[in-house]
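Working notes for the structure below.
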Amino acid sequence: MTLYINACPRAESRTARLARAYLARISDVTELNVYDQPLVPLDRERLAHRESLIAGGKWHDPMFDYAHQFADADDIIIAAPYWDLGFPAQLKTYIENIYVTGIVSAYNDHGQSCGLCRARSLTYITTAGGAYDPRFSFDYLSAMAKEYFGIRETRLIYAECLDICGNDPEAILQSAIDQMERSADR
């Protein structure tokens, strides 16, 4: 199963459009729209509750459903717009909720993180109104995937400079879709 994490809040999102073009070739997809979920940051109370569940070995509590879904996916696709040099806060809240030691990662005898996720790859899809800098979104997620989740292959698909005066955003987006399709045909 491919897990599609949709972090696009707008109904007419260009990022979601790019993601749909990518997803068109994949048959077994489960979509999780982070804006349709009751995701909230881990405050003191929720953190204490989570820690007590972990200490008690209650790995199948509903609080861990997102973490299990993430850890069990064969491939992961995340679509999020590039906002204010990053991705939307709701995606960070999702990551905070799935990062459960014992489900998505563990520590070895040397204190190093070992990923427990079975996904072969994580694909990050984004669009940017201006120039795109992957350091503040893709690079962060790629490092987490490789160093903490155990997902070795990461890839980035993006369209940039969509809102620059004089640029044709539809042509840029279509070019990104065409390039993606050419890469898939290889």
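In this text, all values refer to a predicted model and were calculated from it rather than measured experimentally.
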Contacts of [X] that satisfy side chain to side chain contact (heavy atoms under 4.5 Å, CB included) - sequence neighbours left out:
X    : answer
S175 : none
Q112 : N108, H110
I26  : T2, Y22, L23, V29, I77

Problem set entry | Donor-acceptor pair between R46 and N97 side chains, under 3.5 angstrom |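 Yes, side-chain donor-acceptor contact under 3.5 Å.
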
If you round to the nearest 0.5 Å, how far is [atom2] of [Y] from [atom1] of [X]?
X    : Y    : atom1 : atom2 : result
S113 : Y148 : OG    : OH    : 6.0 Å
Y158 : Q179 : OH    : CD    : 8.5 Å
T30  : I76  : OG1   : CD1   : 11.5 Å
Q69  : M1   : CD    : CE    : 5.5 Å
Q174 : I172 : CD    : CD1   : 12.0 Å
R152 : S142 : CZ    : OG    : 10.0 Å

Report the relative orientation of the aromatic rings in [X] and [Y]; use parallel for angles under 30°, tilted for 30 to 60°, perpendicular for over 60°.
X    : Y    : answer
Y82  : Y132 : perpendicular
Y140 : F87  : tilted
F64  : W59  : tilted

Exercise. Would a hydrophobic clustering, with Ile, Leu, Val, Met, Phe, Trp and Tyr connected at side-chain separations under 4.5 Å, put V100 with L42?
Worked result: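 Yes, V100 and L42 fall within the same hydrophobic cluster.
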
Exercise. So with a 6.0 Å cut-off around CZ of R10, is the heavy-atom count from everything else above 12?
Worked result: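 Not buried by this count: 12 neighbours or fewer within 6.0 Å.
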
For this session: For D84, look at atom CG and say whether over 12 heavy atoms of other residues, nucleotides or ligands are found less than 6.0 Å away.
Result: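 No, the 6.0 Å shell around CG holds no more than 12 heavy atoms from other groups.
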
State, yes or no, whether a side-chain contact exists between [X] and [Y] at a heavy-atom distance under 4.5 Å.
X    : Y    : result
C8   : P81  : yes
L39  : K92  : no
T101 : I54  : no
I151 : R120 : no
L122 : E153 : no
I125 : I78  : no
I103 : H68  : yes
L141 : T154 : no

Exercise. For the side chain of N167 and the backbone of C161, is there at least one donor-acceptor N/O pair under 3.5 Å apart?
Worked result: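 It does hold such a pair.
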
Exercise. For P9, does its backbone N or O pair with a side-chain atom of S13 as donor and acceptor, under 3.5 Å?
Worked result: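 Answer holds: no.
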
For this session: Decide yes or no on side-chain contact (heavy atoms from CB on, under 4.5 Å) for Y94 and Q37, but give the supporting numbers first.
Result: CA-CA 9 Å; Y94 170 79; Q37 304 303 311; over 6 Å; no

Problem set entry | Pairs where residues 28-42 contributes a residue and the test salt bridge (charged side-chain N to carboxylate O under 4.0 Å, His left out) is met, not counting sequence neighbours |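 Listed once each, the pairs would be none.
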
Problem set entry | Distance-minimising heavy-atom pair for L18 and A159 |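 Smallest heavy-atom distance, with atoms named: CD2-N, 4.1 Å.
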
Exercise. Stepwise, does the side-chain contact (heavy atoms from CB on, under 4.5 Å) test hold for L32 with L3?
Worked result: CA-CA 7 Å; L32 179 86; L3 177 60; 4.3 Å; yes

Problem set entry | Residues R118, D72: salt bridge by 4.0 Å N-O rule |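 Salt bridge absent between R118 and D72.
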
For this session: Please determine if D75 and R155 form a salt bridge, counting it only when a charged side-chain N lies under 4.0 Å from a carboxylate O.
Result: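 So D75 does not pair with R155 through a salt bridge.
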
Exercise. Looking at residues at least two apart in the chain, or sitting in another chain, which of them share a side-chain hydrogen bond (donor to acceptor under 3.5 Å, both in side chains) with E96?
Worked result: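 Partners of E96 under the side-chain hydrogen bond (donor to acceptor under 3.5 Å, both in side chains) test: none.
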
Exercise. Can you name the residues that form a side-chain hydrogen bond (donor to acceptor under 3.5 Å, both in side chains) with R50, not counting sequence neighbours?
Worked result: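 Applying side-chain hydrogen bond (donor to acceptor under 3.5 Å, both in side chains) to R50 gives none.
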
For this session: Start with the C-alpha gap between T126 and F138, add the side-chain angles, then the distance that decides, and say whether side-chain contact (heavy atoms from CB on, under 4.5 Å) holds.
Result: CA-CA 9 Å; T126 192; F138 172 72; over 6 Å; no

Exercise. For the rings on F149 and F70, is their centre-to-centre separation under 6.0 Å?
Worked result: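 When the ring centroids of F149 and F70 are compared, they turn out to be within the sub-6.0 Å range.
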
For this session: Given side-chain contact (heavy atoms from CB on, under 4.5 Å), test E181 with R25 step by step and report yes or no.
Result: CA-CA 9 Å; E181 289 174 353; R25 295 175 175 248; 4.0 Å; yes

